[in-house]
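My structure is below; once you've seen it, I'll send some questions.
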Amino acid sequence: MARSWRGSLRGRLLAGVILLAALGMAAVDVASLVGLRLYLTDVADRNLTQARDSVQRYVGSRAAAPISETTLDTLVPAGAYVALLDERGRVVAETAAQGADGRLTPRPDLPEPVPGGFAEHPITVSAQGALMPRYRTLGFPVGAHTTVRPATGAAPKPVSTMVIGTSLALADDVVYWLVGADAVATLAALAAVALLGRGVLRVGMRPLQDMAATATAIADGDLHQRIEVARPHSEIGEVGSALNRAFDARQRSEERLRQFVADASHELRTPLTTIRGWAQLHLHGLAQQPELAERSMLRIEEEAAQMHATVEELLLLAQLDQGRPLADIPVDLGGLATTAVADARALDPGRPITVDVQGEVFATGDEERLHQVLRNLLSNAQRHTPAGTPVAVAVRALPEDRVELAVTDHGPGMDPETARRIFERFYRGDDSRSPGTGGTGLGLAIVKSITEAHGGEVAVTTAEGEGSTFTVTLPAARPSRC
Ligand SMILES: Nc1ncnc2c1ncn2[C@@H]1O[C@H](COP(=O)(O)OP(=O)(O)OP(=O)(O)O)[C@@H](O)[C@H]1O
Ligand SMILES: [Mg+2]
């Protein structure tokens, strides 16, 4: 996909790399240029100091003999400038100034008069009437009785200070040349970084582009596409694996939803078909006899009631799925179990149902929903076991602030495959399909959702021919709080 570099991640990364490289190279360039300039200045200073020492030795060895202005330049290294000053700082005699190539250059621009102590340590001064060349200059005393004989042959004049200067033209040329060379080399290196960096980033970013293409394909409906993860432990590999897990989860949840909608439609279709059948019988005047007319109305009412119950259960599951907050108050589980058992006994008087509550047992949650958990478990024990099979309800506190509610029956129990699936929505065991036991298969799914919404869990212990025990564990509430 063509995309502008400006504003793209690649463009910004490349700009960052180039900027960092430019800063690094500029720092190296500046450090090397400053170092070179300091070194060259230091070389000039050492030459000046040596020249001063040899001049002072020469002057000391000559006693009172005057120095000749014509041979002044022989006192210092070739090309250096020399000026002799009297006590007031006026120039009495001086040489010409020369560049490294021997050509004459403007003399150093000394102050007039030159103050005492001028250039005691080497300093840089510019040329007279020009900025270049610059000179490194050093001033020093030449003894109390030193004189100079002017080139004109006039009488010797007393001098007290000598100033010598050496041109920095060569050093400056070297530095300027290096500035140019560094600039060209830096620009070339930055161009190479930009070109190589562009290629490296293009290769490095390819997995991200592949991810975007896969995500787009999935968004367009090709749910089976997945990102190819070449190196799962690299950063990009981890992102790819995480996205694949997210795509898997989305696909599973969509499949579950589709299944749920299909099951719900199927569940509602049977009573609707029955209702339509009886209604058409009525409409076509086939239910003339009062007996048949009444029967059709009764069946319509029964089926509508079943549909109503199913729709209520679906709504409840949808609400629990949405994670709507439940009531959060202490619920007396013992009292709840006693009431639910009394109701169950009234519905099925021929069945022994016992309840065992050990002490005060309080759970935190929604009383009506927890009542529903008990109702569903008791109705299952009644509906899926033969008439007269005993059922026991036990409520007790567990360590670590948990409470337990167990419903045990001594019915036929379940095979492991059935036991594994009973909490699925719309799952019904074979026994449930026989007439008289028919439910929608949502009872235990609702038990599971309500329990989990309370921060608890539900489990079943069962084996064929050995009955079943459903155990609900919930967070406890302290009785003192109620
Ligand atoms: N105590 C039990 N003994 C044996 N089988 C049971 C027991 N409780 C549940 N089952 C099996 O688990 C299946 C699922 O139970 P669930 O309560 O979810 O649905 P249902 O009872 O069939 O319908 P309803 O939605 O009306 O409750 C039942 O169809 C039944 O086969
Ligand atoms: Mg049930």
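Source: prediction; values computed, not measured. Numbering of ligands and ligand atoms starts at 1, following listing order.
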Is the Mg ion (ligand 2) less than 2.8 Å from at least one N/O/S atom of Ser379?
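Here the distance criterion (N, O or S atom, under 2.8 Å) is not met by Ser379, so no.
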How about Asp356 and Gln358: do any of their side-chain heavy atoms sit closer than 4.5 Å?
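Yes, their side chains come closer than 4.5 Å.
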Is there a polar contact, in the sense of an N or O pair closer than 3.5 Å, between Ala445 and ligand 1?
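Between Ala445 and ligand 1 (N or O atoms, distance only) the closest approach is not under 3.5 Å.
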So is there a nitrogen or oxygen of Thr418 less than 3.5 Å from a nitrogen or oxygen in ligand 1?
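Min N/O separation from ligand 1 is not below 3.5 Å for Thr418.
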Tell me whether the rings of Phe423 and Phe470 are parallel (<30°), tilted (30 to 60°) or perpendicular (>60°).
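Ring orientation, 0 to 90° scale: perpendicular.
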Flag Gly429 as yes when one of its N or O atoms lies below 3.5 Å from any N or O atom of ligand 1, and as no otherwise.
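Such a contact does occur with ligand 1.
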Just distances here: any N/O of Pro412 and N/O of ligand 1 closer than 3.5 Å?
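For ligand 1, there is no N or O atom that lies under 3.5 Å from one belonging to Pro412.
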Using a 4.0 Å heavy-atom cut-off, say whether Tyr427 meets ligand 1 through its side chain, its backbone, both or neither.
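Within the 4.0 Å criterion, Tyr427 contacts ligand 1 through backbone atoms alone.
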Considering only heavy atoms from C-beta outward, does the side chain of Thr471 approach that of Leu405 to under 4.5 Å?
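When only atoms from C-beta onward are counted, Leu405 and Thr471 do not touch, as no gap falls below 4.5 Å.
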Heavy-atom nearest option to atom 18 (O) of ligand 1, drawn from Thr389, Leu444, Val391
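Ranked by closest heavy atom to atom 18 (O) of ligand 1, first place is Leu444.
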Has ligand 1 got any nitrogen or oxygen that is less than 3.5 angstrom from a nitrogen or oxygen of Thr385?
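No, Thr385 has no N/O under 3.5 Å of an N/O on ligand 1.
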Pairwise side-chain contact, Ile227 with Asp210, heavy-atom cut-off 4.5 Å (strictly under)
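A side-chain contact under 4.5 Å is absent here.
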Does either side chain, that of Glu466 or that of His410, offer a donor lying less than 3.5 Å from an acceptor on the other one?
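No, no side-chain donor-acceptor pair sits under 3.5 Å.
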CZ/Arg202 to CG/Leu14 distance, rounded to the nearest 0.5 angstrom?
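Nearest 0.5 Å value for the CZ-CG distance: 10.5 Å.
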To which of Gly441, Gly413, Ala309 does the heavy atom nearest atom 23 (O) of ligand 1 belong?
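Among Gly441, Gly413, Ala309, the closest heavy atom to atom 23 (O) of ligand 1 belongs to Gly441.
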Ignoring hydrogens, just give me the one of Asp409, Ile446, Asn380 whose non-hydrogen atom is nearest atom 1 (N) of ligand 1.
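Among Asp409, Ile446, Asn380, the closest heavy atom to atom 1 (N) of ligand 1 belongs to Asp409.
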I need the atoms of ligand 1 closer than 4.0 Å to a non-hydrogen atom of Ser468, numbered in the order shown.
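So the answer, numbered in order with elements, is 3 (N).
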Do the side chain of Ser449 and the main chain of Ile446 share a donor and acceptor less than 3.5 angstrom apart?
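No, the answer is negative, given that no donor and acceptor are paired below the 3.5 Å cut-off.
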Donor-acceptor pair between Arg136 and Thr124 side chains, under 3.5 angstrom:
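Side-chain D/A pair, Arg136 to Thr124: present.
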Would you mind listing which atoms of ligand 1 come within a distance below 4.0 Å of any non-hydrogen atom of Gly443?
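Close to Gly443: 16 (P), 17 (O), 18 (O), 24 (P), 25 (O), 27 (O).
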Any Phe470 heavy atom less than 4.0 Å from ligand 1
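Contact present.
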Less than 3.5 Å apart, any donor N or O on the side chain of Glu313 or Thr440 sitting next to an acceptor on the other?
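The answer is yes; a qualifying pair exists.
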From Thr440, Val460, Val407 - option closest to atom 24 (P) of ligand 1 by heavy atom
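Minimum heavy-atom distance to atom 24 (P) of ligand 1 goes to Thr440.
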